[in-house]
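In what follows, a structure is listed as structure tokens, so that the remarks can point back to it.
In listed order, ligands and their atoms are each counted from 1. Keep in mind that what you see is a predicted model, and the values were worked out from it rather than measured.
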Amino acid sequence: MAISQNLHDDIEEILIAESALQERIAALADAVSRDFRGKDLVLVGILKGGVMFMVDLVRHLSIPLDMDFMAISSYGNSTESSGVVRILKDLDEPVTGKHVLIVEDIIDTGLTLQYLVEILGKRGPASLTICALLDKEKSGDKVLVPGYVGFRIPDRFVVGYGLDYAQKYRNLPYIGVLKPTVYSE
Ligand code: IMP
Ligand code: MG
């Protein structure tokens with residue numbers, strides 16, 4: 001992997017600019033504030049990819065809420081979904097009787113979130129909703145239906161704004177596609 005000292009130099013194309021991300025997140029937050037007013041809400045951020053989205057989203061939310069985090073592994077360092085999901089860090093607090101909003105960076109195959117919905121669903125939440133920043137357009141039907149989606153994107157591997165390639169590029173403020181040289185060298 002050939003990584004530049006200026007990460008921006010490794011980006012072939014910016015798919016979603018920083019301003020577009022922030023504008024859309026503010027709009028999503030308005031919808032969430034409206035939908036969960038008066039409800040006992042906990043936002044579950046999925047580490048590490050969902051962390052930028054989570055912190056920007058909550059800053060726009062005007063209703064009371066709890067924040068909790070979960071870490072799961074799905075990919076290892078490859079760009080293909082393995083279907084193997086493991087809990088690396090569980091929630092700090094029980095979600096029984098609470099309205100749970102899962103905050104995740106991206107839905108690719110949907111396997112990761114499908115698994116999460118299954119295990120959190122068994123804990124007796126009042127409701128369980130997915131809020132995903134990105135949803136990849138795939139051929140065929142997805143079983144998973146998110147309550148909130150920021151952007152639908154083409155089926156390409158993207159980095160930035162929490163999303164990584166081999167743990168790098170999470171700190172870019174936009175969503176972009178890597179130059180092929182990054183993978184091949
Ligand atoms: P899924 O289980 O196939 O839906 O994959 C979801 C997880 O894979 C996400 O939470 C990301 O961590 C990772 N992922 C999927 N697509 C991408 C991508 O384009 N770039 C970076 N990570 C991705
Ligand atoms: Mg992730």
Side-chain angles (χ1 to χ4, degrees), residues 1-4 7-18 20-21 24-25 28 43-57 67-91 100-121 128-184:
M1 175 180 173
I3 187 166
S4 301
L7 295 180
H8 301 284
D9 293 341
D10 290 346
I11 300 299
E12 181 173 81
E13 187 191 337
I14 295 177
L15 280 189
I16 308 168
E18 186 175 1
L21 279 176
R24 181 71 185 127
I25 291 166
L28 285 175
L43 265 66
V44 172
I46 307 304
L47 301 172
K48 304 166 196 164
V51 79
M52 306 280 180
F53 182 33
M54 175 86 158
V55 297
D56 281 343
L57 185 72
M67 290 169 70
D68 210 336
F69 292 93
M70 247 176 132
I72 49 180
S73 77
S74 54
Y75 270 17
N77 278 349
S78 110
T79 58
E80 290 289 312
S81 189
S82 63
V84 180
V85 182
R86 201 157 52 96
I87 296 182
L88 305 175
K89 183 220 169 285
D90 207 336
L91 296 173
V100 176
L101 185 64
I102 300 175
V103 180
E104 173 64 313
D105 49 5
I106 190 166
I107 302 175
D108 185 3
T109 62
L111 285 171
T112 306
L113 281 172
Q114 205 179 310
Y115 173 81
L116 261 183
V117 163
E118 208 177 295
I119 57 163
L120 293 182
L128 191 50
T129 310
I130 292 166
C131 179
L133 180 66
L134 308 174
D135 189 8
K136 276 193 197 177
E137 285 159 5
K138 297 279 217 195
S139 51
D141 290 339
K142 283 194 198 185
V143 282
L144 207 78
V145 183
Y148 308 89
V149 171
F151 300 87
R152 295 191 203 282
I153 61 163
D155 190 8
R156 300 171 75 182
F157 191 79
V158 293
V159 296
Y161 199 71
L163 291 147
D164 71 303
Y165 171 62
Q167 297 303 326
K168 299 293 192 288
Y169 303 100
R170 294 189 195 275
N171 53 315
L172 288 173
Y174 50 76
I175 302 288
V177 177
L178 288 173
K179 291 177 181 167
T181 47
V182 178
Y183 303 102
S184 55

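Residues passing the salt bridge (Lys or Arg N to Asp or Glu O under 4.0 Å) test with Asp90, sequence neighbours excluded: Arg123. Taking Arg24 as the reference, nothing meets the side chain to side chain donor-acceptor pair (under 3.5 Å) condition, with sequence neighbours excluded.
In this structure, Gly110 is part of the shell of residues with a heavy atom less than 4.0 angstrom from ligand 1.
Atoms of ligand 1 lying under 4.0 Å from any heavy atom of Arg156, numbered from 1 in the order shown and given with element: 19 (O). The Lys136 neighbourhood of ligand 1 comprises atoms 16 (N), 17 (C), 18 (C), 19 (O), with distances under 4.0 Å to a heavy atom of that residue. The Asp164 neighbourhood of ligand 1 comprises atoms 21 (C), with distances under 4.0 Å to a heavy atom of that residue.
Shown are Leu21, Leu134, Leu28; of these, the side chain to side chain contact (heavy atoms under 4.5 Å, CB included) with Phe53 is made only by Leu28. The only member of Leu7, Asp164, Asp10 that meets side chain to side chain contact (heavy atoms under 4.5 Å, CB included) when paired with Leu172 is Leu7.
Across the listed options Val158, Leu163, Asp135, Val158 owns the non-hydrogen atom lying nearest to atom 20 (N) of ligand 1.
Remark: side-chain polar atoms of Tyr165 are not paired, donor with acceptor, to backbone N or O of Val159 under 3.5 angstrom.
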